[in-house]
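Numbers for residues simply follow the sequence, beginning at 1.
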Amino acid sequence: IKYSNITIDSLKVKVNSDPSKLDYNVSLEKLNAGLLIKNIALGGRVQHDSINTVLSIKDDSNKNIFMLAAGLRSHKNEIETHIKQNGLIVSYKPWQVSMDNFIKAGKEIYVHDLTMSHDKSSITINSPQAENTGSPLTVDFKNFDLAEATRWLQKDTLYAGGTLKR
């Protein structure tokens with residue numbers, strides 16, 4: 001599939017369902033939109049008011065370069081997202097994710113205790129005030145190596161460099 005400057009190679013969609021759930025898997029061999037990304041897969045299950053999903057990008061030997069596993073649920077007029085434990089891999093390295101993290105999106109965006117860390121690097125995103133107060137988001141980087149975090153995008157190109165410290 002080619003549209004404008006975007007090329008998608010070998011798109012596959014698989015859906016199975018029964019009255020209680022829907023399982024899905026969307027994959028593509030290559031996505032080129034000025035940046036080449038190979039072996040992309042998005043799969044999961046929709047059941048009741050929830051979606052459990054995994055987005056992964058693998059190398060040619062089928063190892064996860066990047067992976068994000070999350071749960072989403074609809075509640076009132078909001079979508080609540082939770083990044084799962086053992087649900088984040090960046091540049092082949094597993095990152096720890098705080099257990100009680102969530103992001104709510106509705107009339108406002110509210111983030112509760114989202115900390116992602118690997119070795120001495122961490123990113124924490126939080127709304128410091130109570131929900132429904134228009135709380136700003138705080139983002140705290142500690143010893144965060146931009147080059148390491150973006151290296152997986154394309155091995156021969158450095159998209160960002162430096163260390164963000166607090």
Side-chain angles (χ1 to χ4, degrees), residues 1-118 121-127 130-135 137 139 149-155:
I1 300 171
K2 186 165 177 110
Y3 177 77
S4 189
N5 66 337
I6 300 170
T7 303
I8 296 173
D9 184 1
S10 303
L11 174 66
K12 297 175 188 173
V13 178
K14 182 179 178 183
V15 178
N16 292 311
S17 68
D18 65 37
S20 67
K21 66 178 176 9
L22 180 135
D23 294 321
Y24 62 93
N25 194 331
V26 178
S27 63
L28 48 111
E29 252 178 60
K30 295 178 187 174
L31 171 66
N32 192 341
L35 172 68
L36 177 64
I37 303 175
K38 299 179 357 180
N39 306 318
I40 303 168
L42 176 68
R45 172 172 285 174
V46 178
Q47 191 168 23
H48 306 297
D49 64 350
S50 299
I51 301 172
N52 287 300
T53 194
V54 176
L55 170 66
S56 65
I57 299 171
K58 297 186 177 197
D59 65 15
D60 291 333
S61 61
N62 207 33
K63 292 182 182 173
N64 278 322
I65 301 168
F66 175 84
M67 192 260 311
L68 176 66
L72 294 89
R73 74 179 183 101
S74 174
H75 181 68
K76 298 183 181 174
N77 290 323
E78 296 178 324
I79 300 291
E80 184 174 302
T81 305
H82 168 78
I83 299 175
K84 296 185 177 197
Q85 295 292 290
N86 304 314
L88 182 61
I89 295 174
V90 179
S91 297
Y92 296 98
K93 297 174 182 157
W95 282 57
Q96 284 68 49
V97 179
S98 54
M99 191 177 311
D100 62 342
N101 76 82
F102 65 82
I103 302 165
K104 283 188 179 179
K107 292 180 182 174
E108 66 180 19
I109 295 177
Y110 180 82
V111 180
H112 173 76
D113 191 32
L114 177 55
T115 299
M116 300 162 285
S117 61
H118 174 74
S121 296
S122 71
I123 305 169
T124 299
I125 306 170
N126 217 357
S127 297
E131 287 184 60
N132 301 315
T133 61
S135 180
L137 293 177
V139 180
T150 61
R151 185 170 287 121
W152 65 275
L153 290 171
Q154 199 163 343
K155 291 181 181 177

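In this pair, F102 and Y110 present their aromatic rings tilted. The plane angle is within the 30 to 60° band.
Residue L31 forms a side chain to side chain contact (heavy atoms under 4.5 Å, CB included) with just one option from I8, T7, I1, and that option is I8.
Taking 4.5 Å as the limit, every side-chain heavy atom of L55 sits out of range of all side-chain heavy atoms of T53. Under the 4.5 Å side-chain criterion, counting only non-hydrogen atoms from C-beta, D23 is not in contact with N25. H75 is not listed as a side-chain neighbour of D49, based on a closest heavy-atom distance of 4.5 Å or more. A heavy-atom distance below 4.5 Å is not found between the side chains of S10 and L28.
Here the closest heavy-atom approach between residue Y24 and residue V46 is recorded as CE2-CG2, 4.0 Å. Scanning both residues, P94 and I89, for their nearest heavy atoms gives CA-CG1, 4.1 Å. Between D60 and N39 the shortest heavy-atom distance is OD1-ND2, 3.6 Å. Scanning all heavy atoms of the two residues, the minimum distance from D100 to H112 falls at O-CD2, 3.1 Å. Considering all non-hydrogen atoms of both residues, V97 and Q85 come closest at O-NE2, 2.5 Å. Closest of all the heavy-atom pairs between N52 and G71 is OD1-CA, 3.6 Å.
Annotation: N77, atom CG; neighbour count of heavy atoms from other residues, nucleotides and ligands within 6.0 Å does not exceed 12. N32 CG: more than 12 foreign heavy atoms inside a 6.0 Å radius. Taking a 6.0 Å sphere around CG of L22, one finds it holds more than 12 heavy atoms contributed by other residues, nucleotides or ligands.
Panel note: side chain S127, backbone V111; a donor-acceptor pair is recorded below 3.5 Å. S98 places a side-chain N or O within donor-acceptor distance of the main-chain N or O of D113, the cut-off being under 3.5 Å. In terms of modelled atom types and a separation under 3.5 Å, the side chain of E108 and the main chain of G134 share a donor-acceptor contact.
Annotation: the span from R45 atom CZ to S50 atom OG amounts to 12.0 Å, rounded to 0.5 Å. Considering NZ of K58 and NZ of K38, their distance stands at 15.0 Å, rounded to 0.5 Å. The CG atom of N101 sits 5.0 Å away from the NE2 atom of H82 when rounded to the nearest 0.5 Å. In this structure, the separation between OG1 on T81 and CG on L114 is 10.5 Å, given to the nearest 0.5 Å. Taking CD1 of I57 as the reference point, atom CE of M67 lies at 11.5 Å (rounded to 0.5 Å). Distance CH2/W95 to CD1/I83: 11.5 Å, rounded to 0.5 Å.
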**Request:** Evaluate side chain to side chain contact (heavy atoms under 4.5 Å, CB included) for H118 paired with K93, printing each intermediate quantity in order.
**Result:** CA-CA 8 Å; H118 174 74; K93 297 174 182 157; 3.4 Å; yes
**Request:** Apply side chain to side chain contact (heavy atoms under 4.5 Å, CB included) to L11 and V26, showing your working.
**Result:** CA-CA 7 Å; L11 174 66; V26 178; 3.9 Å; yes
